[in-house]
*Asks:* 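Would you mind keeping the following structure in view while I ask a few things?
Every number for a ligand or one of its atoms is a count from 1 in the order of the listing. Start at 1 with the first residue, then count along the sequence. Computed from heavy atoms alone, side chains included, the values below leave out hydrogens, waters and symmetry copies.
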Amino acid sequence: MRIENKPGYGRKLQQAKQIQITVNQKPIFAYEGELVSTILHCEGIRVFQRKHQTGKASGSYCNIGICCECLVKVIGDHNIRACQTPVADGMIISTDIEVQS
Ligand code: FES
């Protein structure tokens, strides 16, 4: 669910260019400049990765780029920190990836 009607914030979103991305093989729209983690939360996705050794799930934690708990896979790129990466048109994102812990 997007916060589009909140005064100030919503107005900026409505002025931003709408782009198309794919998350877990599902096409969705996003606004240029939004962070990947924002989109994932809007889609109700909380598990971004699983630890290889334990299978433990993780997602957004610090939201300032330090903990790396929010790694997701982007086709054509390395695993990226969702909380620090703005979406780009045509981006293909996979969550629930397995990472070395
Ligand atoms: S949530 Fe900590 S680096 Fe993204």
Side-chain angles (χ1 to χ4, degrees):
M1 180 171 140
R2 295 272 162 81
I3 303 171
E4 295 186 12
N5 296 323
K6 186 173 180 181
Y9 183 68
R11 204 167 295 130
K12 284 181 191 171
L13 276 181
Q14 289 163 358
Q15 293 169 350
K17 180 181 167 192
Q18 237 183 51
I19 59 176
Q20 179 89 26
I21 65 171
T22 303
V23 177
N24 297 337
Q25 302 179 334
K26 176 184 170 191
I28 59 172
F29 83 90
Y31 291 105
E32 201 166 61
E34 283 185 305
L35 294 172
V36 169
S37 59
T38 303
I39 302 300
L40 297 179
H41 283 287
C42 288
E43 291 298 310
I45 298 169
R46 302 293 182 263
V47 176
F48 291 11
Q49 61 168 290
R50 289 189 188 274
K51 304 295 183 189
H52 175 69
Q53 291 177 330
T54 62
K56 186 178 172 190
S58 68
S60 286
Y61 183 67
C62 73
N63 286 308
I64 56 173
I66 295 174
C67 72
C68 290
E69 294 293 317
C70 64
L71 293 180
V72 296
K73 182 178 175 123
V74 172
I75 301 297
D77 207 339
H78 297 290
N79 295 343
I80 57 123
R81 290 174 294 172
C83 73
Q84 298 295 298
T85 307
V87 291
D89 196 22
M91 193 178 246
I92 300 173
I93 301 164
S94 298
T95 64
D96 209 355
I97 60 172
E98 190 172 278
V99 296
Q100 300 292 326
S101 43

*Asks:* Check ligand 1 against G65 and write out every atom of the ligand that is under 4.0 Å from a heavy-atom position of the residue.
*Replies:*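 Going through ligand 1 atom by atom, the ones under 4.0 Å from G65 are 3 (S).
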*Asks:* Is the shortest side-chain heavy-atom distance between L35 and Q84 below 4.5 Å?
*Replies:*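 No, side chains not in contact.
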*Asks:* Between I45 and N24, does a side-chain contact (heavy atoms from CB on, under 4.5 Å) hold up when you go through it step by step?
*Replies:* CA-CA 10 Å; I45 298 169; N24 297 337; 3.8 Å; yes
*Asks:* Answer yes or no for C83: is there an N/O/S atom below the 2.8 Å cut-off from atom 2 (Fe) of ligand 1?
*Replies:*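 So C83 does not count as coordinating atom 2 (Fe) of ligand 1.
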*Asks:* Consider side-chain contact (heavy atoms from CB on, under 4.5 Å). Of T95, I80, I21, V23, which one does V36 pass it with?
*Replies:*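 The option that passes is I80.
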*Asks:* Atoms of ligand 1 less than 4.0 Å from C67 heavy atoms?
*Replies:*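 In order of numbering, the contacting atoms are 1 (S), 2 (Fe), 3 (S).
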*Asks:* Please work out whether any backbone atom (N, CA, C, O) or any side-chain heavy atom from C-beta onward of I64 is under 4.0 Å from ligand 1, and answer side chain, backbone, both or neither.
*Replies:*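 Within the 4.0 Å criterion, I64 makes no contact with ligand 1.
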*Asks:* Would you check, one step at a time, whether the test side-chain contact (heavy atoms from CB on, under 4.5 Å) holds for Q53 with E98?
*Replies:* CA-CA 9 Å; Q53 291 177 330; E98 190 172 278; over 6 Å; no
*Asks:* Tell me which part of S37 gets within contact of ligand 1: side chain, backbone, both or neither, using heavy atoms under 4.0 Å.
*Replies:*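 Within the 4.0 Å criterion, S37 makes no contact with ligand 1.
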*Asks:* Counting backbone and side-chain atoms alike, does C70 have an N/O/S atom under 2.8 Å from atom 4 (Fe) of ligand 1?
*Replies:*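 Yes.
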*Asks:* Does C68 bring an N, O or S atom to within less than 2.8 Å of atom 2 (Fe) of ligand 1?
*Replies:*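 Of the N, O and S atoms in C68, none lies under 2.8 Å from atom 2 (Fe) of ligand 1, which means no.
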*Asks:* Could you report the tightest heavy-atom contact between G55 and R50, atom names first, then the distance?
*Replies:*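 Closest pair (atom of G55, atom of R50, distance): O-NH1, 3.3 Å.
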*Asks:* Say you draw a straight line from OH of Y31 to CD1 of I39; how long is it, rounded to the nearest 0.5 Å?
*Replies:*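 The distance works out to 9.5 Å.
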